[in-house]
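Read through the structure below, which is laid out as structure tokens, and then see the notes.
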Amino acid sequence: MAASVNSVGKSSAERLTFSTTSFQKKTRSKLISIPGTRPSVQNGQLLVSTGVTSLDYLLGGGLAVGTLLLIEEDRYDSYSHMILKYFLAEGVVCRHELFVATAQDNPDDILKELPAPILDDVAIHKPVEQPRLSCEPPDSLDAMKIAWRYQNLPKVQSALASSSRFGHYYDVSKTMEPEIRQAAKCHRFYLPEHPTQSSPTHSAVIESYSALLKSVQEVIHREGFDVAAPMSKSRNILRIGLHSLGSALWGDDLTCQDSPTHRHALTTLLYGLRALLRSSLSVAVVTVPSHLIQDRALMGSITRLCDNAIALESFKGSERETHPLYKDYHGLLHVRQVPHLNCLASQLPDHKDLAFKLKRKQFSIERLHLPPDLSETVSRVSRGDLAGGATVASACGSGTSGNKHLDF
């Protein structure tokens, strides 16, 4: 009987010991610390900046790592191309690696046209030599220094360092200095350098998109951007910029025919690209000439395969360019889609009337505010017409009824 009691006590003690040692305190998982990134306040997703601070605000704080942004090009591909340059310039400043794929312009030419940053933490500082006066001896010049409390401060670093800020401002009237641009690592895909041959089973456009997707996959695995890769070195972000997919420059006939032969070639590419982004520390921006695609159902499928989607409607070449209502803007911006990441409902912008304008040095997105007194209706007549109407009314002896009609 005692043995049974001892065995029962021993087993209960073992259970108690097991229960206490297996207890673990639940803690919040730590995010990867990478320069140029920050966690989202809505869902904790790691974010990177697009280079345009107003666009970051519309997208919920920035682009989430592992997502895809679709930009529907404007008619002349000027402003969409500029946003792509902003995206790449932000990667250069943050020391992220770049992957640029084009079919017309050489990627090196695009990198040479990146806008210059206007912040001090990324500029290369050069010491300015003060001019010496001939009447002063050298000893007195050496003794002339700044206030004593600043003497022991470290000197400004002359080498380019990675910026830890999230989001920067750029001057579009100037190009980035070669010293800053060459400090970033860039991978290039230029379609004329990858000749493809059509076969009975695969066309040229399918071969082009397959080569592009394979090149992106090789860079992700070789450079260690895969999430499953061992943490052997400090992690970084890969920024992927794909220009004018779906156009005839890539051999695609989406913009040339109402019923394209390979209508699913671009959607297949986006599906594979999105799968690569989900399992890597990468983010992509894709521009598509949507105004040339006649099949709107196909364009809807392209939009749904992307996480974020915006459309640019430029006033260039249209009646709105000279319309007084839009004299302060250069086009309209439409938010087609926002991502649903780690949440049941996404955060939609609080306003839909958005416009963009290109100032002398900066590209910005603002709310569309129309002037108040530009409508040519009866209720918006000029004061001269009111005075003339009052004179006629008094001459005709309209009396009280006329005064009541003109009293606003």
Side-chain angles (χ1 to χ4, degrees), residues 49-56 58-59 63 69-92 98 100-118 168-176 181 190-191 239-250 252 254-256 284-293 299 302-303 306 308-323 325-336 353-366 368:
S49 175
T50 60
V52 183
T53 55
S54 53
L55 182 58
D56 292 340
L58 293 177
L59 300 179
L63 285 178
L69 169 63
L70 173 68
I71 301 178
E72 298 183 18
E73 298 176 358
D74 53 290
R75 188 170 298 273
Y76 296 98
D77 189 24
S78 55
Y79 300 103
S80 56
H81 199 218
M82 183 176 299
I83 295 180
L84 181 61
K85 292 179 182 178
Y86 268 96
F87 173 74
L88 298 175
E90 181 69 18
V92 172
L98 306 180
V100 184
T102 60
Q104 181 180 13
D105 299 330
N106 195 302
D108 293 332
D109 297 335
I110 295 179
L111 295 176
K112 292 178 182 179
E113 297 175 354
L114 296 183
I118 58 177
H168 299 83
Y169 295 94
Y170 299 89
D171 186 356
V172 295
S173 63
K174 300 178 182 179
T175 57
M176 187 177 295
R181 186 179 67 249
Y190 188 37
L191 185 61
R239 290 176 175 252
I240 303 173
L242 309 180
H243 179 248
S244 197
L245 292 182
S247 64
L249 299 172
W250 289 90
D252 207 333
L254 287 179
T255 60
C256 304
V285 171
V286 176
T287 65
V288 173
S290 61
H291 61 281
L292 298 177
I293 299 178
M299 190 61 215
I302 294 174
T303 302
C306 302
N308 306 272
I310 61 173
L312 301 178
E313 181 184 353
S314 175
F315 295 156
K316 188 182 299 184
S318 64
E319 297 179 354
R320 295 181 178 179
E321 186 178 7
T322 57
H323 199 284
L325 292 177
Y326 305 101
K327 64 179 182 178
D328 296 331
Y329 306 100
H330 292 92
L332 301 177
L333 186 140
H334 309 281
V335 180
R336 304 293 193 197
D353 297 329
L354 300 171
F356 62 87
K357 61 182 178 181
L358 178 61
K359 301 178 183 178
R360 188 171 64 90
K361 293 185 178 182
Q362 191 176 2
F363 176 86
S364 61
I365 301 171
E366 301 177 357
L368 180 61

| request: Could you grab the distance from atom CD1 of Ile83 to atom OG1 of Thr287, nearest 0.5 Å is fine? | output: 10.5 Å

| message | Just to verify, what does His334 make a side chain to side chain contact (heavy atoms under 4.5 Å, CB included) with, not counting sequence neighbours? | response | Ala311, Glu313, Leu332, Arg336

| said: Quick check: do Leu69 and Phe87 have side-chain heavy atoms less than 4.5 Å from each other? | reply: no

| task | Compare every heavy atom of Gly317 with every heavy atom of Tyr76, then report the nearest pair and how far apart it is. | result | OH-CA, 4.4 Å

| field | Set of residues satisfying side-chain hydrogen bond (donor to acceptor under 3.5 Å, both in side chains) with respect to Lys357, sequence neighbours excluded | value | Glu366

| query | So do Met82 and Leu358 actually touch side chain to side chain, heavy atoms under 4.5 Å? | reply | yes

| Taking C-beta and beyond as the side chain, do Thr50 and Tyr86 meet within less than 4.5 Å on heavy atoms? | no

| task | Only counting residues at least two apart or in another chain, list the ones meeting side-chain hydrogen bond (donor to acceptor under 3.5 Å, both in side chains) with Asp109. | result | none

| task | Only counting residues at least two apart or in another chain, list the ones meeting side chain to side chain contact (heavy atoms under 4.5 Å, CB included) with Ser318. | result | Phe315, Arg320

| message | Can you list everything that forms a side-chain hydrogen bond (donor to acceptor under 3.5 Å, both in side chains) with Ser290? Sequence neighbours excluded, please. | response | Glu72

| message | According to salt bridge (charged side-chain N to carboxylate O under 4.0 Å, His left out), does anything in residues 75-90 pair up with another residue at least two apart or in another chain? List the pairs. | response | Lys85-Glu113

| said: My understanding is that only residues two or more places apart in sequence, or in another chain, count here; which of them pass ring pair (Phe, Tyr, Trp, His ring centres under 6.0 Å) with His81? | reply: His243

| said: Just to verify, what does Tyr79 make a ring pair (Phe, Tyr, Trp, His ring centres under 6.0 Å) with, not counting sequence neighbours? | reply: Phe356

| said: I'd like to check Ile110 versus Leu88 (side-chain heavy atoms, cut-off strictly below 4.5 Å). Are they in contact? | reply: yes

| request: Can you see which heavy atom on Ser244 is nearest to which on Glu73, and at what distance? | output: CA-OE2, 3.2 Å

| Are side-chain heavy atoms of Leu333 and Leu312 found at a separation under 4.5 Å? | yes

| remark: Across all chains, not counting sequence neighbours, the side-chain hydrogen bond (donor to acceptor under 3.5 Å, both in side chains) partners of Ser314 are none

| Is there side-chain contact between Leu191 and Leu249, with at least one heavy-atom pair below 4.5 Å? | no

| query | Mind checking whether Lys316 and Ser78 have side chains closer than 4.5 Å, heavy atoms only? | reply | yes

| field | Side chain proximity check, Ile293 to Val288, heavy atoms < 4.5 angstrom | value | yes

| Is the side chain of Asp74 donor-acceptor paired with the backbone N or O of Ser80 at a distance under 3.5 Å, no angle test? | yes

